[in-house]
Amino acid sequence: NSVRSLYMEINVQRIDIFDVSADLLVLGAYQGISHPFDEIDRKFDGEISKIAARSGFDGKHGQTLLFPTFGKISAKNVAIVGLGERKSFTADSARKIGGLIVKIAKSHRAATVATAIPGFDLKGIDFRNTAQAFAEGVFLSAYRFHVYHGTLKKKEKPPRELKSVIVCERGARQAVSAEQGIKQAEVLSRATNYARDLVNTPSSEMTPARMAEEAKSLAGKGIRVKIMDAKEMERRGMYAALAVARGSAHSPVGVHLSYHPTGAKKTVAIVGKAVTFDSGGLSLKPAKSMESMKIDMAGAASVLGLFRAIAELRPSVAVHGIFLAVENMPSGSAYRPGDVVRAMNGTTIEVLNTDAEGRVTLADALSYAQTLKPDMIVDLATLTGACVVALGNDVAALLANDAKLSKRLMSAATESGEPLWELPLYEQYNEQIKSKIADIKNTGEGSAGTITAALFLKHFVDETPWAHLDIAGPSYVERETRPDQPYGGSGYGVRLLARFLQGF
Ligand code: BES
Ligand code: MN
Ligand code: ZN
């Protein structure tokens, strides 16, 4: 099974948009602008504004108007896309338009599309950033995971795929910025799509050992990879993660990636949850809840995607990437409700529900990260169903012990277009995870499940600035709500954390 990433290219050409030969020409029109079609109207003897008026097209964001050109211009078809109101146009609008273009191209079997970057005409726009967002929209929408289509699908004619987007830009300075933004988007989208592939690959293949193999494939280009087998994990006292892994036929594996550029002033540790399948263990999940649990390593997948991006972007901060890959299964050797396990930092955990396994494995992963003495720690985990109840399928939760760190992550999330919202690390709820026989227990009392899970993790990070991202909602797209987030693993966090690291 091959890992797919990008199928297409985006090129900038210093050419007039009406002179490009392409299957499809995409033009943008803002809402409420009096003569949005003047230029194209001139080529079509005023017919376009008539068609627009008849069909009720008024430039609302995402609206489209499609017509053939009958040879009047070089492109075969034209799509006019609504950009929404001028004053509310943001980089994320450009990202959505990029995704929409891919959708239109697919449904009209266009292999080449010519367009201009939406928003480049606006005053005070950051060209590079807008171009990057637009290109991310294109690259991320084009992703499909169809590695497993068998003979039935193979007999069908493969769809004509979008191969190339030509960005027409006459301005020299704008063209250079556009190229830089597109390059950046290409690196980040490839990394994101790689994370998506890892999440989408079934647990029968994406085992702890396979996750270690994936990490090893990233070694080189300034990235070092250290693998810990079960023996070494035991030697280091990672009894909590080992307990979770005990019910599975697959041995656990510890992974430590690192990147140390010369002159780095700060070190960040990024920790990912890496449960390759979460059956719930002896506290077995109902069948429905188990269907999607191959995604329970999405945090670690984003760590791997991030390192793929780091190798290209070379930020000036040192980075550790850490995950302990385990499978949570019920069996005669599985850990049990009532067991007490000791984590690497000495904290003892009473396990009351074996399905609250993420925090138990992260106890050791965070303890390990702490021994590296980083300046800050960020973890990503598909940790709680409660987070999906609180914030839904699009928004991840942020809980942090440091306001400066949470602010940086919030602004990185806004820039990358990955929705994030802060919840309080409300200390009083520590009452909920007090154990009568151990330091803490692994479940709360039923309310504020995302907060009590984060408070549990806090026991493993000392005073180091730390932030926890609960990505249970957005790590996986069940129902598509925007084109740049297609069905399956989303790669949530790759672009957010890359932006965060580039801020050092
Ligand atoms: N991996 C799940 C959380 C999850 C749920 C992720 C839905 C993505 C979608 C986690 O290990 C889990 O099972 N959490 C339990 C904790 C509970 C037993 C305290 C949950 O949220 O129900
Ligand atoms: Mn679980
Ligand atoms: Zn889990």
Side-chain angles (χ1 to χ4, degrees), residues 199-200 203 206 208 211 240-241 243-248 252 271-302 323-330 334-339 349-365 379-397 399 423 429 432-435 440-457 468-479 488-493:
V199 173
N200 289 331
S203 306
M206 197 49 62
M211 293 208 63
V244 175
R246 240 180 19 231
S248 170
V271 176
K273 174 174 171 180
V275 176
T276 62
F277 183 70
D278 181 12
S279 69
L282 288 172
S283 313
L284 197 65
K285 283 183 184 295
K288 269 282 159 207
S289 317
M290 226 186 277
E291 281 178 2
S292 63
M293 279 302 128
K294 67 173 182 183
I295 63 114
D296 218 14
M297 36 57 80
S302 290
F323 60 84
L324 303 177
V326 303
E327 188 184 42
N328 186 24
M329 294 294 256
Y335 80 139
R336 313 159 190 83
D339 283 357
I349 302 163
E350 183 184 11
V351 175
L352 290 181
N353 189 320
T354 62
D355 194 14
E357 85 299 337
R359 67 198 75 181
V360 181
T361 65
L362 287 169
D364 281 334
D379 78 74
L380 297 106
T382 47
L383 204 62
T384 63
C387 192
V388 190
V389 174
L391 299 176
N393 284 303
D394 293 1
V395 186
L399 297 101
L423 295 180
Y429 291 165
Q432 286 199 43
I433 56 170
K434 273 192 178 152
S435 163
I440 44 175
K441 60 183 183 184
N442 81 333
T443 54
E445 303 292 343
S447 63
T450 302
I451 297 174
T452 52
L455 286 169
F456 177 100
L457 299 181
H468 160 62
L469 305 181
D470 194 328
I471 60 170
S475 64
Y476 181 65
V477 178
E478 193 111 51
R479 205 171 299 131
S490 68
Y492 185 101

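Start at 1 and go down the list; that is how both ligands and their atoms are numbered. Worth knowing before you read on, the calculation uses all heavy atoms, side chains too, and leaves out hydrogens, waters and symmetry mates.
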From the N, O or S atoms in Glu357, identify the one nearest to the Mn ion (ligand 2). OE1
Residue, atom and distance of the protein heavy atom nearest atom 2 (C) of ligand 1 read Asp278 OD2, 3.6 Å
Does any N/O atom on Thr384 come nearer than 3.5 Å to any N/O atom on ligand 1? no
Which heavy atom of the protein is the closest neighbour of atom 14 (N) of ligand 1, given with residue, atom name and distance? Leu383 O, 3.5 Å
Shortest protein heavy-atom distance from atom 9 (C) of ligand 1, along with the residue and atom involved: Met293 CE, 3.6 Å
Measuring from the Zn ion (ligand 3), name the closest N, O or S atom belonging to Asp296. OD2
Please work out the angle at the Zn ion (ligand 3) defined by atom OD2 of Asp278 on one side and atom OE2 of Glu357 on the other, rounded to 10°. 90°
Pull out every atom of ligand 1 sitting under 4.0 Å from any heavy atom of Glu357, numbered as shown with elements. 11 (O)
Looking only at N, O or S atoms, which one in Asp278 sits nearest to the Mn ion (ligand 2)? OD2
Atoms of ligand 1 close to Lys273 [distance to a heavy atom under 4.0 angstrom, numbered from 1]: 1 (N), 10 (C), 11 (O)
Verify the contact flag for atom 22 (O) of ligand 1, where contact means a protein heavy atom under 4.0 Å away. no
For Ala472, the ligand 1 atoms with a heavy-atom partner under 4.0 Å come out as 6 (C), 8 (C)
When you measure from atom 20 (C) of ligand 1 to every protein heavy atom, which one gives the shortest distance, and what is it? Gly385 N, 3.9 Å
Report yes or no: does Lys273 have an N/O/S atom closer than 2.8 Å to the Zn ion (ligand 3)? yes
Atom indices of ligand 1, in the order listed, that fall short of 4.0 Å to a heavy atom of Lys285: 12 (C), 13 (O)
Contact (N/O only, under 3.5 Å) between Asn353 and ligand 1: no
Would you say Arg359 contacts ligand 1, with heavy atoms under 4.0 Å as the rule? yes
Going through the checks in order, is the salt bridge (Lys or Arg N to Asp or Glu O under 4.0 Å) test met by Glu291 and Lys285? CA-CA 10 Å; Glu291 281 178 2; Lys285 283 183 184 295; over 6 Å; no
Minimum-distance protein heavy atom relative to atom 15 (C) of ligand 1: Asp355 O, 4.0 Å
